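Notes follow the structure.
In this text, all values refer to a predicted model and were calculated from it rather than measured experimentally. Numbering of residues begins at 1 and proceeds along the displayed sequence.
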Amino acid sequence: MLNPKKIEQVIQQIQDALPQGLKDLGQDAEAKLKQTLQAQLSKLDVVTREEFDVQTQVLMRTRDKLSELEKRVDALLEQQNRT
């Protein structure tokens, strides 16, 4: 679901932004931060990149089909108006 490396990067960015005094609190604070961040991220309604790419492809195919159907309807309406 969520990429652990991305979570690590976000945590590292947060840690880098902390003042030195807070950095010295140690591994317990880091573990608690990871736990809290993962819990909050798991609450989000997100999809994986793979799922997103698949749905993008489905949408593109659907748009193509819709475009073809619109052309067919236009042609049929034009043909009907000529008669």
same_hphob_cluster(Leu44, Val10) at 4.5 Å side-chain heavy-atom cutoff: yes
Between CD1 on residue Ile11 and CD on residue Glu8, distance to nearest 0.5 Å: 5.0 Å
Reported CG-to-CD distance for the pair Leu33 and Gln38, which is rounded to 0.5 angstrom: 10.0 Å
Main-chain N/O of Ala39 paired to Ser42 side chain as donor or acceptor, under 3.5 Å: yes
Exam field: side chain Ser67 to backbone Arg63, donor-acceptor pair closer than 3.5 Å: no
Validation row: Lys65, Glu68 side chains within 4.5 angstrom (heavy atoms): no
Reported OG1-to-CZ distance for the pair Thr56 and Arg61, which is rounded to 0.5 angstrom: 10.5 Å
Candidate pair Glu78 and Arg82, rule salt bridge (charged side-chain N to carboxylate O under 4.0 Å, His left out), full reasoning: CA-CA 6 Å; Glu78 187 177 319; Arg82 281 190 264 157; 3.7 Å; yes
Any side-chain heavy-atom pair of Thr62 and Val58 under 4.5 Å: yes
Euclidean distance, Glu50 CD relative to Gln55 CD, rounded to 0.5 Å: 11.5 Å
Test item: side-chain donor near acceptor, Asp16 and Gln12, under 3.5 Å: yes
Pairwise distance CG(Asn81) to CG(Leu76) - rounded to 0.5 angstrom: 11.0 Å
Approximate separation, where rounding is to 0.5 Å, of Asp74 CG and Arg72 CZ: 12.0 Å
